[in-house]
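Reading through the structure tokens given below for one structure.
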Amino acid sequence: MAEYSTLGSVAVLQVNNPPVNSFSHHVRQALVDGLERAQRDPAVRSIVIMGKGRTFPAGADIREFGSGAAVKMPNLLMVLQAVDTCQKPVVSAIHGTALGGGFELALASHYRLAVPSARMGLPEVHLGILPGAGGTQRLPRVVGVKTAIQMITSGQHIKAQQALSLGIVDKIVQGDLLKEAVSFARSVEGRPVEDRRISQKTVPEADKVDEVVEAARKTILRKARGAIAPMTCVQAIQASVLPFEAGMAREAELMAFLMTSWQAPAQQYAFFSEREVRRWSHPRDKRINFKTAKPRVVKSVGVVGAGTMGMGITINLLQAGLKVVMLEVNKKQLDKAVNTIKKTLSQKSASQKMSQLTTAMDYSQLRDVDIVIEAVFENMRLKKEVFRKLDAVTKPQTILASNTSGLNIDEIAAVTKRPDKVVGTHFFAPANVMRLLENIYGRQTSPETVATAMQLGVTIGKVGVLVGNCPGFVGNRMLGSYTAEAVFLLEEGAEPQDVDRAIEEFGFPMGPFRMGDLSGTDIGWKGRIAKGLTTEHGPPPATPALYRRGNRYCPLPDMLCMKGRLGQKTGAGWYRYEPGSRTALPDPVVLQMIQDYRQEHGFKKRTISSQEIVERCLYPLINEGFHILDEGIAARSLDIDVIYLFGYGWPRHTGGPMYYAERVIGLEKLLCSLETYSARYPDHAHLQPSPLLRNMVAKGGSLAALGTDSKL
Ligand code: 3H9
């Protein structure tokens, strides 16, 4: 609702709809009623609109989208029209986050005040829609088309100070917002509102709009990676040069187009899933969940290993205000890490944050920390050695976490006397940037330990997802079938750039081969050597070239590593790189290597369509997701989607692999394609449809229904 009160001549409308004061139907109704009442009351000479509690309205109520409530009158446009055309000055007083419809309400007001900490923006693009309550028409009238395009297509929030310099807010107020807003409102009483209406202004430099749009188009399309909302936002902004009513009509038309696309619900699903993963439950025992399990308090963290991962994790922890003891046995590496950490932490608070960091070369210095995150090389023997030492030196309550990307947590836990306090915390590189934290419970991990790992994720600003223990966990296990199929495609005639192009056109920031070059082709190679699938000099003795342990195997990635082509770091991998450049250039040497290999093994080169590439790479990945759900490794399909959205660059506008499978491809079609491919390639095990997928197609049922009830 919106609470109505008067302070002398000022009517105050306070939106009260926790948690973010979104414009649910009852709020819209209350605002319209409040405005009418204020208009009617001769004693009222000005109106203040603000948000109660933590924020100014953060936009339309996204939960209403797709339901009758969203279109129930009055709609948001009517509320804003009532504000705009009000005869008495309307002042929006902003604190917290004025987002989407909330910011549009402020723009429809005649004056805007903000506290210094306020932020504002139009993030609709992240929900697959556009600011459809006049945001695409009013904002360009204030800041110009170029800035409006930048703000709306990025969805970025700006701070009050920047809003002031852009002319969006009229004044930044210190102290009590209500008091200040009322006093400001009094000061403008009686002044004409006509020239305060943004809707009546014209866009600055309107004649240059087409030029500006043209200049921005290429970058926007590249960044959109297949999402339709950004360019549609631009089309709406372009219409702001028209008279206001005509521009609004165009905005409405484009909004309807986006609202009815398949991408908008996918992006809204991604928005809610990101938040839903916090309401975790143990995939094997739903009685253990975010409500029943209590985390331990974590104030200090030990990080073992000051390599790329350890360094990133340390930066992340320091940024969140935690105390860190970073242990590294190699002094040179330790010094290098400290320097990098110093440089990375923002200038303003670097020294304060650095004061929270202690370096150590001796394990005994970890004795008092609340949790240790081990981030040494991905080698079981080494990890066991580290965990034995940690078990011996740390206090008995200390939780021991491993940043392994796929090794067996139970095997690591078994070397300690506290397997209940051992957990996996899989960070993604660069650890201070990537938002995903895949938390892995072992057979004996206690609910308290799981809750602590999940809570630590929240504390350090990560999106934490709880999963079970299996090789590669969820993310890397699914990725295994994707990369395997990508190299099989090379055997048949695709070139690395064909595969990468198709996957990037689907929406990934990087295809598998460019990605391999970036992270280092030797990472997978070392893993395969450790598993005995290959050696540093080729296949193990008496091993058929194209098979390992009964499964089809493509040795091309090993051949690449044996040539010393380890990716960008060696200037050559699947591609070649000019010195100092990260641009992947197709390399005739690699193409020849692949061609020779095809000839040697009797593969006939054929043309492979982009569609086949995408299906052959992504369908087995999704299929593995079904196995993972079936085995109870992930509790819900949304957990898998969030892992892919936040850790693997899966395009957000498709909702994530499992959402995409069910809502976009359709399970029946997915099954049918997998059946076709597995009939063609009977020895590609990952193409065999999962029993769960077969079962769902046969019996019906939705992926969401497989999940736990989060409202426990
Ligand atoms: C729009 O305005 C369209 C118009 O242009 C045109 C219309 C015609 N609705 O993120 P948090 C829930 S589109 C419903 O954890 P924080 C959220 O799910 C809208 N629910 O908190 C969560 O619920 P739960 C444009 C919403 O402090 C709880 O609130 N606006 C909405 O980290 C707390 O959220 C946006 O896109 C909503 N609009 O961050 C803003 N917003 O506790 C989207 C949040 O059950 N919101 N919830 O999980 C945000 O960016 C962040 O929530 C915000 C707070 C920064 C506000």
Side-chain angles (χ1 to χ4, degrees), residues 15 17-28 31 51 53-67 69-81 94-108 117-139 148 151-152 154-159 229 232-233 236-237 248 251-260 264-265 267-280 290-291 435 457-464 638 642 652 709-712:
V15 177
N17 187 24
V20 297
N21 289 328
S22 64
F23 293 119
S24 311
H25 175 254
H26 63 96
V27 173
R28 305 196 298 266
L31 280 171
R54 62 193 253 203
T55 185
F56 196 78
D61 184 346
I62 310 166
R63 289 191 194 275
E64 281 187 354
F65 286 177
S67 77
V71 287
K72 210 165 153 195
M73 300 299 158
N75 63 22
L76 193 54
L77 283 160
M78 290 157 90
V79 179
L80 269 56
Q81 173 75 359
I94 303 170
H95 78 295
T97 41
L99 301 176
F103 186 39
E104 290 173 298
L105 166 71
L107 291 170
S117 59
R119 286 183 298 136
M120 50 209 89
L122 295 169
E124 285 87 343
V125 72
H126 298 311
L127 300 170
I129 57 172
L130 53 76
T136 66
Q137 304 304 299
R138 286 193 178 90
L139 187 63
M151 279 180 70
I152 292 174
S154 70
Q156 110 198 76
H157 303 178
I158 58 167
K159 294 185 180 149
T232 312
C233 285
I237 298 167
M248 287 298 285
E251 182 190 87
E253 188 187 330
L254 293 166
M255 178 70 156
F257 161 68
L258 288 178
M259 273 290 197
T260 50
Q267 279 174 258
Q268 287 150 28
Y269 162 85
F271 174 87
F272 286 117
S273 298
E274 174 185 347
R275 285 151 181 86
E276 194 62 33
V277 291
R278 289 184 222 142
R279 287 180 274 263
W280 58 272
F290 71 103
K291 278 193 173 169
R435 302 248 348 259
V458 174
T459 308
I460 62 179
K462 298 284 187 216
V463 181
L638 71 86
V642 168
R652 194 178 165 94
D709 179 2
S710 68
K711 310 282 179 208
L712 291 154

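Keep in mind it's a predicted model, so treat the numbers as computed, not measured. Heavy-atom basis, side chains included; hydrogens, waters and symmetry copies ignored. Each ligand, and each atom within it, is numbered from 1 in the order the structure gives. We're numbering straight along the sequence, starting at 1.
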Would you say the side-chain atoms of H126 pair up with the backbone N or O of S154, donor to acceptor, closer than 3.5 Å? yes
Ignoring hydrogens and geometry, is there a side-chain-to-backbone donor-acceptor pair from S67 to A69 under 3.5 Å? yes
Would you mind running through ligand 1 and noting each atom that sits below 4.0 Å from a heavy atom of F271? 18 (O), 41 (N), 43 (C), 44 (C), 46 (N)
Which segment of A58 sits under 4.0 Å of ligand 1 when only heavy atoms are counted: both
Indicate yes or no: does an N/O atom of G101 lie under 3.5 Å from an N/O atom of ligand 1? yes
Tell me whether ligand 1 is touched by P19 - counting only heavy atoms on the residue side and a distance under 4.0 Å. yes
Closest to atom 9 (N) of ligand 1 by heavy-atom distance, out of L77, I62, V277, is I62
Is the side chain of D61 donor-acceptor paired with the backbone N or O of S22 at a distance under 3.5 Å, no angle test? no
Does the residue F23 have a heavy-atom contact with ligand 1, meaning some pair of atoms that are separated by less than 4.0 Å? no
With side chains defined as the heavy atoms from C-beta onward, is the minimum distance between Q267 and V125 less than 4.5 Å? no
Verify, without hydrogens or angle tests, whether R28 (side chain) and F23 (backbone) share a donor-acceptor contact under 3.5 angstrom. yes
Just by distance, do the side chain of R435 and the backbone of V463 share a donor-acceptor pair under 3.5 Å? no
I need the atoms of ligand 1 closer than 4.0 Å to a non-hydrogen atom of P123, numbered in the order shown. 30 (N), 35 (C), 36 (O)
Check A60 against ligand 1 and report side chain, backbone, both or neither, counting heavy atoms closer than 4.0 Å. both
Check T55 against ligand 1 and report side chain, backbone, both or neither, counting heavy atoms closer than 4.0 Å. neither
Suppose I only count heavy atoms of R54 and a 4.0 Å limit; which atoms of ligand 1 are within that range? 16 (P), 21 (O), 27 (O), 54 (C)
State plainly whether the residues K72 and E64 are in salt-bridge range, i.e. N to O under 4.0 Å. no
Under a 3.5 Å distance rule, please check whether H95 uses its side chain to pair with a backbone N or O of G53 as donor and acceptor. yes
Given that the side chain starts at C-beta and the backbone is N, CA, C, O, which of these parts of V20 lies under 4.0 Å from ligand 1, counting heavy atoms, or is it both or neither? side chain
Counting only heavy atoms closer than 4.0 Å, does ligand 1 sit against the backbone of T97, its side chain, both, or neither? side chain
Does one side chain, of N21 or T55, offer a donor that lies under 3.5 Å from an acceptor on the other? no
Using only atom types and a distance under 3.5 Å, with no angle test, would you say the side chain of E104 pairs donor to acceptor with the backbone of A133? yes
Out of all atoms in ligand 1, which are within 4.0 Å of some heavy atom of D61? Include the element for each. 9 (N), 14 (C)
Taking only heavy atoms of G100 into account, list the atoms of ligand 1 that are under 4.0 Å away from them. 2 (O), 25 (C)
Those atoms of ligand 1 less than 4.0 Å from some heavy atom in P131: 5 (O)
Measure from the side-chain N and O atoms of E251 to the backbone N and O of A236, and report whether any donor-acceptor pair falls under 3.5 Å. no
With heavy atoms of F272 as the reference, note each atom of ligand 1 found under 4.0 Å away. 18 (O)
Which is closest to atom 42 (O) of ligand 1 in terms of heavy atoms, R275, M255, H126, R279? R279
Find all atoms of ligand 1 within a distance of less than 4.0 Å from any non-hydrogen atom belonging to L127, and give their numbers and elements. 13 (S), 19 (C), 36 (O)
What do you reckon, does E104 have a nitrogen or oxygen under 3.5 Å from a nitrogen or oxygen of ligand 1? yes
Check: G132 N/O within less than 3.5 Å of ligand 1 N/O: yes
For ligand 1, is any non-hydrogen atom under 4.0 Å from E276's backbone (N, CA, C, O), its side chain (CB onward), both, or neither? neither
Taking the six-membered ring of F65 as reference, does the NZ or CZ atom of R63 fall below 6.0 Å from its centre and within a 45° cone about the axis? no
Ignoring hydrogens and angles, tell me if any N or O in the side chain of T97 forms a donor-acceptor pair with the backbone of L99 under 3.5 Å. no
